[in-house]
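Report on the following structure.
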Amino acid sequence: GAGVSQSPSNKVTEKGKDVELRCDPISGHTALYWYRQSLGQGLEFLIYFQGNSAPDKSGLPSDRFSAERTGGSVSTLTIQRTQQEDSAVYLCASSLAGGFSYNEQFFGPGTRLTVL
Amino acid sequence: GNSVTQMEGPVTLSEEAFLTINCTYTATGYPSLFWYVQYPGEGLQLLLKATKADDKGSNKGFEATYRKETTSFHLEKGSVQVSDSAVYFCALSNDYKLSFGAGTTVTVRA
């Protein structure tokens, strides 16, 4: 079956612009996660969705970052007024269920964001 | 909080050599432990996992044993191939959130 997909694969934007990153999880997966992979910080957790609710947003680095999930499926990560330090690869993952450490998370290919 | 420390790379090996990547962790409770792999141009994939002490995870010739007494989860493979060239990440989770190590780049030469 289809895996996790993300779009766009690459995004170049100018400082101060807003960007939207999209994630399509594996069909039937109720849990969805966003992570960020950057040179300075490694792989960091951003936010966790269970269904359409986000019980843990603790990893979002500032109030310029927000995310939503609709229909228990597609998720959008929005970054407002982008800064150069936002440049990173944004990874989305999904799992069949959430809340348990042993649930395997399946990762998408990522969106590479470059802020000029 | 949770943290994962893995040996720094890059690591360069010849084909059929033995590979070990060290991983130690700090965590509360009893986390699950994972090794993820990122092949060139591809996304992160789960390589193996262990969910309780003394469990051994294995896949594709790779093995790692959950050692609670030494808080370690070292990755080993007895005979590497060129196709094993990738970045390897050790990770842990207490609930739903994965905490990753910095990653180790492994290059296997023919």
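Every chain is numbered from 1, with letters handed out A, B, ... down the list of sequences. What you see below is based on every heavy atom in this structure, not just the backbone, and it leaves out hydrogens, waters and symmetry mates.
- Put simply, the side chain of A:Thr111 does not reach to within 4.5 Å of the side chain of A:Leu77, judged on heavy atoms.
- The part of B:Gln38 that comes within reach of chain A is its side chain, from C-beta onward, which places non-hydrogen atoms under 4.5 angstrom from that chain.
- Nearest heavy atoms, B:Trp35 versus B:Leu75: CE2-CB, 3.5 Å.
- Only the side chain of A:Tyr35 has a heavy atom closer than 4.5 Å to any heavy atom of chain B.
- Salt bridge annotation for A:Asp24-A:Arg22: present, with a cationic side-chain nitrogen under 4.0 angstrom from a carboxylate oxygen.
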side-chain hydrogen bond (donor to acceptor under 3.5 Å, both in side chains) between A:Glu104 and A:Ser95, worked out = CA-CA 6 Å; A:Glu104 180 177 353; A:Ser95 64; over 6 Å; no

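- With a 4.5 Å cut-off on non-hydrogen atoms, B:Lys49 touches chain A through its side chain but not through its backbone.
- The candidate with the highest count of non-hydrogen atom pairs below 4.5 Å against chain B, out of A:Gln37, A:Gln6, A:Glu44, is A:Gln37.
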